[in-house]
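Structure record follows, encoded as structure tokens.
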Amino acid sequence: MTDPKMLLSLQFMNGYGSQPGSWRMPGANLHSYTDLDVYVKYAQAAERGKIQTLFFVDTPALENDISTAVPHHSMDPLVILTAIARETERIGLVMTASTTFNEPYTLARQFKALDVASHGRAGWNAVTTSNPAAAANFGSAVPPRAEKYARAHEVVQVVQALWGSWQPDAWVLDIATGRFADTDKIQPVNLQGQYVASRGPLPIPPSEQGQPVIFQAGGGDNGLELAARYATGVYANPFTIEEGIAHRSALRDAAQRAGRDPDEVKLFAGFMPTVAASRRAALDRRRFLDESIDLEQRVRHLGAMLNLDLDPAQLDEPLTADQVARIHTSPMDPRSPRAASIAREGWSLRDVIAHGVIDYHPVVPGTAEEVADHMQAWFEAGACDGFSLAIDAYHDGIDAFVDEVVPILQQRGIYHHDYDGTTLREHLSAPAQYGVDQRVVGARQ
Ligand SMILES: Cc1cc2nc3c(=O)[nH]c(=O)nc-3n(C[C@H](O)[C@H](O)[C@H](O)COP(=O)(O)O)c2cc1C
């Protein structure tokens, strides 16, 4: 048996990039937010790199201040992925949708239609959503956590039951007998939970992978239990190898407790590479991107991470010897040891920040080799099964990753050279599943 290979997922936010200033980059298409051709081009580049799946993050709200920064999310991932499905052949198409603010019938129908239209490449990142702005868009408030997760279990099970409401051979299409479908094999699901219900059936036959693959992201112990029962892929935010190992092993243990093989669940660690000819060039790229963020606030944040009272006037100076001697890393922030070690190297505070020490995923600004080194170290340590790539600015950052980092990973024998199959389920080596997973259904009240 060959060693498992690293899996890759390309995060899509808004069409521009993961960094707030990505829209201002020279060469970026200013209308990337609304231009489907741009998304298609990036998806095709990811497919050239044999990346297993695209992944649209999403919250149904305009979450952030867009006076200078790009939106956190796209217009509507379903519309964009439908366009991408038409122009790509192999890459998986994962999008996020809330279990709190959607009805299972709508979710089941939309994801299954995408799955069929893409010939078995759809995945659903099922999240509970914690943003009050999203709740307000549905005229409600964010429910208590226990309720959100109880509902999430019901929603996933009802969705999967609906996906299985056509038996695989129900669509007959027999011209000779005049039979379009065998309606004995298309049956209601008649599910009534405490929070959601649906009669069914769906009006959609199975896809080449049967039904979409489930992903999950975040949410502490509750999220872990949700992922352990239903997810094939989990999007996670470890900042260190140790955190990755701990999360992955907790996830695998929870999957086993739920009656599944731990290898069925893959952890994707969020990662932000900035690929350039040198560390200096990568830092300069990030410094340009950082012009759209509040650097004074970042300096204060850095000070809090190092337990120093830093003045924004020091932005273009390194820490003084006295300040270095007084660094205390914060036990509350797993990013602070790296911030301390970069600061001790003598970079200006602007460059320390450009290293991404305050970003929401680990950042490697450097050469393709340095980026590959980081990924190899995490993967081989068992800190993840793969990465969810948050590319700084898509217009040239996706190509840089695909054309420079991917070949190194391939040469090192840790990443595949081509897709083995055609469906997302095959890309993830996920077992066949149709309808609910009988091993886990009913295991939770
Ligand atoms: C890596 C990662 C990605 C996430 N992506 C999304 C997302 O795209 N949309 C969303 O609404 N929430 C997203 N979340 C948030 C979680 O779904 C969850 O709401 C959050 O962790 C709070 O947990 P709670 O629901 O238990 O309060 C993400 C969380 C993590 C860790």
Side-chain angles (χ1 to χ4, degrees), residues 7-16 18 32-34 36 38-40 42-44 46-47 51-63 71-88 90-129 131 134 137 152 155-156 159-160 162-163 204 207 209 211-219 223 226-227 230-236 266 268 270 388-391 394 423-425 427-428 430:
L7 300 168
L8 293 181
S9 178
L10 180 69
Q11 266 182 48
F12 268 144
M13 301 175 74
N14 42 55
Y16 301 100
S18 67
S32 301
Y33 185 51
T34 55
L36 297 189
V38 172
Y39 285 99
V40 165
Y42 298 156
Q44 289 172 336
E47 195 167 61
I51 288 177
Q52 278 83 2
T53 188
L54 305 173
F55 162 43
F56 272 84
V57 296
D58 196 50
T59 297
L62 185 55
E63 273 193 316
H72 281 176
H73 307 298
S74 69
M75 293 188 298
D76 185 320
L78 181 63
V79 172
I80 298 168
L81 280 177
T82 308
I84 290 173
R86 303 285 303 153
E87 305 291 336
T88 53
R90 307 290 274 276
I91 195 161
L93 311 170
V94 177
M95 66 175 234
T96 302
S98 172
T99 55
T100 306
F101 300 112
N102 287 299
E103 287 299 315
Y105 184 83
T106 314
L107 290 167
R109 186 179 191 185
Q110 292 179 333
F111 278 90
K112 188 85 180 286
L114 179 67
D115 201 33
V116 169
S118 64
H119 300 288
R121 294 188 282 143
W124 170 30
N125 180 35
V127 300
T128 48
T129 312
N131 187 337
N137 285 340
V155 170
V156 173
V159 165
Q160 292 193 324
L162 286 165
W163 285 341
I204 310 177
S207 75
Q209 66 171 355
Q211 66 190 29
V213 176
I214 304 280
F215 285 68
Q216 194 274 343
L226 192 67
Y230 314 107
T232 295
V234 170
Y235 290 112
K266 317 287 189 194
F268 290 80
S388 171
L389 302 166
I391 302 290
Y394 302 152
T423 68
L424 177 56
R425 200 171 287 280
H427 301 339
L428 302 175

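For the single chain, residues carry numbers from 1 onward in sequence order. We use all heavy atoms of the structure for the numbers below, so side chains are in, but hydrogens, waters and symmetry mates are not.
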Kindly give the heavy-atom pair with the smallest separation between Ala152 and Thr128, and that separation in Å. CB-CG2, 4.0 Å
Of all heavy-atom pairs between Ser98 and Leu107, which one has the smallest distance, and what is that distance? O-CD1, 4.0 Å
Which of parallel (below 30°), tilted (30 to 60°) and perpendicular (above 60°) describes Phe12 and Tyr42? tilted
Show your reasoning for whether side chain to side chain contact (heavy atoms under 4.5 Å, CB included) applies to Ile84 and Phe56. CA-CA 12 Å; Ile84 290 173; Phe56 272 84; 4.3 Å; yes
Parallel, tilted or perpendicular: which one describes the rings of Trp124 and Phe111, with boundaries at 30° and 60°? tilted
Rounded distance [0.5 Å steps], CG in Leu162 versus CZ in Arg109: 11.5 Å
Are any of the side-chain heavy atoms of Thr99 and Leu226 separated by less than 4.5 Å? no
Just by modelled atom types, is the Ala97 backbone N or O under 3.5 Å from a matching donor or acceptor in the Asn102 side chain? no
Least distance between heavy atoms, Leu93 atom then Ala85 atom: CD1-CB, 3.7 Å
Does some side-chain heavy atom of Tyr394 sit less than 4.5 Å from a side-chain heavy atom of Ser32? no
To the nearest 0.5 Å, what is the distance between CE on Met13 and CZ on Phe55? 10.0 Å
4.5 Å side-chain heavy-atom contact, Val94 and Leu424: yes
Between Gln209 and Arg425 (side chain of the first, backbone of the second, donor and acceptor by atom type, cut-off under 3.5 Å), is there such a pair? yes
Less than 4.5 Å apart, side chain to side chain, heavy atoms only: is that true for Thr34 and Met75? yes
Could you tell me the separation between the OG1 atom of Thr53 and the CD1 atom of Ile91, rounded to the nearest 0.5 Å? 6.5 Å
dist Phe101:CZ -> Thr106:OG1 (nearest 0.5 Å) comes out at 14.5 Å
Could you tell me whether the side chains of Ser74 and Tyr39 share a donor-acceptor contact shorter than 3.5 Å? no
Mind checking salt bridge (Lys or Arg N to Asp or Glu O under 4.0 Å) for Glu63 and listing every partner two or more places apart, or none if nothing turns up? none
Please evaluate residues Leu389 and Ile51 with respect to the criterion side chain to side chain contact (heavy atoms under 4.5 Å, CB included), reporting the C-alpha separation (whole Å), side-chain torsions for both, the decisive distance (0.1 Å), and the verdict. CA-CA 10 Å; Leu389 302 166; Ile51 288 177; 4.3 Å; yes
Would you say the side chain of Ile214 lies within less than 4.5 Å of the side chain of Gln160, judging by non-hydrogen atoms? yes
To the nearest 0.5 Å, how far apart are CG in Asp115 and CD1 in Ile204? 9.5 Å
Do any N or O atoms from the side chain of Thr59 and from the backbone of Ala61 form a donor-acceptor pair under 3.5 angstrom? no
Taking the side chain as every heavy atom from C-beta outward, state whether His72 and Asn14 have any atom pair closer than 4.5 Å. no
Within the structure provided, determine whether Leu78 and Leu114 are in side-chain contact (heavy-atom separation under 4.5 Å). yes
Identify the two heavy atoms, one from Gln11 and one from Ala390, that lie closest to each other, and give their separation to 0.1 Å. OE1-CB, 3.7 Å
Would you confirm whether His427, through its side chain, and Arg90, through its main-chain N or O, come within 3.5 Å as a donor-acceptor pair? yes
Any side-chain heavy-atom pair from Phe268 and Phe215 closer than 4.5 angstrom? yes
Minimum heavy-atom separation for Gly15 and Val38, please, with both atom names. O-CG1, 4.3 Å
Polar side-chain atom of Thr88 near backbone of Gln44 as donor-acceptor pair, under 3.5 Å: no
Value for CD (Gln52) from NZ (Lys266), rounded to nearest 0.5 Å, stands at 10.5 Å
Smallest separation among heavy atoms of Ala217 and Asn125, with atom names: N-OD1, 3.4 Å
With a 3.5 Å cut-off and no angle check, do the side chains of Thr96 and Asp58 form a donor-acceptor pair? no
Tell me if a side-chain donor or acceptor on Gln211 pairs with a main-chain N or O of Ala108 at a distance below 3.5 Å. no
Side-chain donor or acceptor of Gln216 paired with backbone N/O of Ala126 under 3.5 Å: no
